Amino acid sequence: MNLSILIPLLNEEESLTELYTWIIKVMQTNNYSYEVIFLDDGSTDNSWSIIEGFASENPNIKGIRFMRNFGKSQALHAGFAKAQGDVIITMDADLQDSPEEIPGLYNMITSQDFDLVSGWKKKRYDSVVAKNLPSKLFNWAARKTSGVELNDFNCGLKAYKNIVVKNIEVSGEMHRYIPVLAKNAGFGKIGEKVVQHQARKYGETKFGMERFINGFLDLITIWFLSRFGKRPMHLFGAMGSLMFIIGFMLAGYIGISKLYHMYNDMRYTLVTDNPWFFIALTTMILGTQLFLAGFLGEIILRTKNNEERYKISTQVNL
């Protein structure tokens with residue numbers, strides 16, 4: 001199979017029919033063997049009924065419906081697990097991503113041997129203040145932190161080799177950082193393609209300004225996980241040990257200094273009257289806590305259960 005097209009969605013009943021017709025036209029024009037997997041993330045409108053209608057008339061149309069809204073990352077995780085195509089394309093259901101971009105992305109994967117190609121919405125039709133400027137700041141921070149040179153991390157239109165999606169773990173809100181996850185997994189050939197961005201035709205965006213705050217927090221998380229996720233003791237243990245040693249040496253110096261003054265009949269103060277004693281004590285306590293945090297992190301990594309992060313209500317053609 002040439003292509004698997006994954007479309008996560010939430011309450012997009014107005015756009016689904018137009019999107020479906022457009023995708024099928026592109027598939028037939030290019031003679032692709034394909035599957036389209038709609039990932040209904042707990043829609044409360046008629047989105048699922050429409051998807052079932054597509055599936056009944058076209059066996060290449062498949063669907064996964066969550067019992068409630070679990071998030072875009074969980075939807076993509078479910079889709080990646082089911083995708084069978086040599087190339088996986090992800091796109092949003094709101095018609096802001098054009099299916100006409102699919103052949104170009106497909107060719108970059110198959111002909112130029114990219115592991116992953118991310119779309120770049122160079123010209124956007126979103127609000128400048130609410131989306132464009134925060135997005136530029138977010139992408140700049142992501143580039144500097146991750147080392148992945150992309151201009152638009154958050155573009156939903158991306159293409160992957162099948163082997164890439166089978167070897168990355170998308171959880172939480174990490175769908176923004178799939179290129180970083182791919183790089184950390186060893187897939188280094190990551191490209192970018194300028195794609196057409198269209199103004200939203202139906203409904204309203206499901207994401208607000210909070211996504212940028214969450215995005216920066218997730219960026220810190222992925223930075224930590226990429227470096228210390230497998231061995232938290234390397235960070236917390238080292239920091240804790242260093243702080244404990246500094247505190248212990250400082251406390252020892254304070255004690256030895258007092259004994260020296262007492263032995264030589266010199267004026268001295270009580271240890272508890274010396275503010276440096278409490279600084280030393282606090283440093284040792286914090287060092288011990290950091291060391292224990294690393295130790296507990298190691299235990300959790302070795303005993304954790306891989307619990308299912310979402311519940312599937314219904315599937316069609318799968």
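Remember, predicted model here, so these are calculated numbers, not experimental data.
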Review point. For the residue pair A159 and I89, what are the closest heavy atoms and their distance?
Key: CB-CD1, 3.5 Å
Check your understanding: So, do Y20 and F38 have ring centers that fall under 6.0 Å from each other?
Key -> no
Review point. Which pair of heavy atoms, one from N30 and one from P103, lies closest together, and at what distance?
Key: ND2-CG, 3.6 Å
Review point. Between Y106 and Y32, is the ring centre distance below 6.0 Å?
Key: yes
Practice item. Say whether E52 and W48, considering side chains only, have a donor N or O and an acceptor N or O under 3.5 Å apart. Key: yes
Check your understanding: Side chains of D94 and S15: do they bring a donor and an acceptor to under 3.5 Å?
Key -> no
Point to revise | Donor-acceptor pair between S4 and E35 side chains, under 3.5 angstrom | key: yes
**Study point:** Presence of salt bridge, K72 and D92, under 4.0 angstrom
**Key:** yes
Check your understanding: Any luck finding a side-chain donor-acceptor pair between D41 and N69 under 3.5 Å?
Key -> yes
Review point. Regarding R68 and the six-membered ring of F70, is the cationic atom NZ or CZ under 6.0 Å from the ring centre and inside 45° of its axis?
Key: yes
Review point. Side-chain donor-acceptor pair under 3.5 Å between S43 and D40, yes or no?
Key: yes
Review point. When you check the side-chain N and O atoms of N107 and Q112, is any donor under 3.5 Å from an acceptor?
Key: no
Review point. Looking at M27 and I102, what are the two nearest heavy atoms and their distance?
Key: CE-CG2, 4.0 Å
